[in-house]
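Worth knowing before you read on, the calculation uses all heavy atoms, side chains too, and leaves out hydrogens, waters and symmetry mates. Residue numbers start from 1 in every chain, and the chains themselves are labelled A, B, ... in the order their sequence lines are given, proteins ahead of strands. Every value quoted in this text rests on a predicted model; they were computed, and no experiment measured them.
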Amino acid sequence: AQSVTQLGSHVSVSEGALVLLRCNYSSSVPPYLFWYVQYPNQGLQLLLKYTSAATLVKGINGFEAEFKKSETSFHLTKPSAHMSDAAEYFCAVRPLGASKIIFGSGTRLSIRP
Amino acid sequence: DTAVSQTPKYLVTQMGNDKSIKCEQNLGHDTMYWYKQDSKKFLKIMFSYNNKELIINETVPNRFSPKSPDKAHLNLHINSLELGDSAVYFCASSEDRGNSPLHFGNGTRLTVT
């Protein structure tokens with residue numbers, strides 16, 4: 001069955017530092033891929049989604065993700081962290097032909113002043 | 001003009017009671033979902049309806065019964081509530097195709113005492 005793995009349940013970076021959140025999917029055929037962010041006591045918001053048009057996808061709030069088929073990865077990055085980026089981040093996949101979207105276990109991002 | 005709205009936001013009740021959560025979307029989407037988020041932030045799909053037809057029914061106790069009176073509404077009724085039902089329940093909607101993302105409500109925090 002299709003699954004998605006997020007390495008690191010908690011990532012802590014200094015303000016201004018690079019943010020790297022890891023996501024790997026398990027499928028020989030690339031699924032549809034998404035990153036979501038959840039701020040405390042809120043629902044999930046879409047950060048970005050992969051389309052086959054480009055391997056580097058730009059999202060909101062300065063985030064971007066790179067699709068690497070050879071590594072079955074879709075890692076999320078941001079060049080310079082801001083305090084407001086502190087939140088829970090979820091990688092998600094929709095297998096081809098499927099209706100449901102499956103979420104990874106989430107990574108909590110903390111930002112140190 | 002909230003896209004996906006669910007009520008109530010908080011629900012505190014005793015074991016054995018029956019409760020309902022309501023969800024409405026004004027995005028014109030054909031597909032709606034219920035997800036459960038546990039205390040560790042893990043998101044698990046429960047149900048999905050496409051244009052009032054049940055298309056996803058994961059391994060969920062039959063105490064949980066979804067109802068979709070029309071494609072803009074998806075309600076969740078829970079009978080005989082148990083302590084383990086305590087979680088945050090999220091409603092979401094999407095167009096049922098490929099890379100269409102989910103749009104989430106703000107969640108209903110259910111606490112069973």
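- Contact annotation for B:Gln6: neither backbone nor side-chain heavy atoms come within less than 4.5 Å of a heavy atom of chain A.
- Linking ILVMFWY side-chain heavy atoms closer than 4.5 Å, directly or via other members, places A:Leu20 and A:Leu56 in two distinct hydrophobic clusters.
- Contact tally against chain B (heavy-atom pairs below 4.5 Å) for A:Leu44, A:Leu96, A:Asn41: the top residue is A:Leu44.
- B:Lys40 NZ to A:Ser9 OG: the interatomic distance, rounded to the nearest 0.5 Å, is 10.0 Å.
- If you tally non-hydrogen atom pairs under 4.5 Å between each of B:Leu102, B:Val4, B:Ile56 and chain A, the highest count goes to B:Leu102.
- Put simply, A:Val93 and A:Leu7 are part of two different groups of oily side chains (I, L, V, M, F, W, Y) that touch within less than 4.5 Å, one to the next.
- Among A:Gln45, A:Gln42, A:Lys49, the residue making the largest number of heavy-atom pairs under 4.5 Å with chain B is A:Lys49.
- One distance of note links CZ of B:Phe104 with CD of A:Gln38; it measures 8.5 Å at 0.5 Å rounding.
- Using a 4.5 Å cut-off on side-chain heavy atoms (C-beta onward), A:Tyr36 and B:Pro101 make contact.
- When the candidates B:Gln37, B:His103, B:Lys9 are compared by the number of heavy-atom contacts under 4.5 Å with chain A, B:Gln37 comes out ahead.
- Residues from residues 101-113 of chain A that place a non-hydrogen atom less than 4.5 Å from a non-hydrogen atom of chain B comprise A:Ile101, A:Phe103, A:Ser105, given in numerical order.
- Following chains of ILVMFWY side-chain contacts shorter than 4.5 Å, one cannot reach B:Leu83 starting from B:Val12, and the two form parts of different hydrophobic clusters.
- With a threshold of 4.5 angstrom between heavy atoms, A:Phe90 approaches chain B through side-chain atoms but not through N, CA, C or O.
- Only the side chain of A:Leu46 comes within less than 4.5 Å of a heavy atom of chain B; its backbone N, CA, C and O stay farther away.
- Residues B:Leu11 and B:Phe90 do not share a hydrophobic cluster, clusters being chains of Ile/Leu/Val/Met/Phe/Trp/Tyr side chains in contact below 4.5 Å.
- For B:Ile45, the part lying under 4.5 angstrom from a heavy atom of chain A is the side chain only.
- Contact residues of residues 75-89 of chain A toward chain B are A:Glu88 (heavy-atom distance under 4.5 Å).
- Residue B:Lys44 does not touch chain A at all, counting heavy-atom pairs closer than 4.5 Å.
- With a 4.5 angstrom heavy-atom cutoff, A:Lys100 touches chain B via backbone and side-chain atoms both.
- Each of B:Val88 and B:Trp34 belongs to its own hydrophobic cluster when Ile, Leu, Val, Met, Phe, Trp and Tyr are linked at side-chain heavy-atom distances under 4.5 angstrom.
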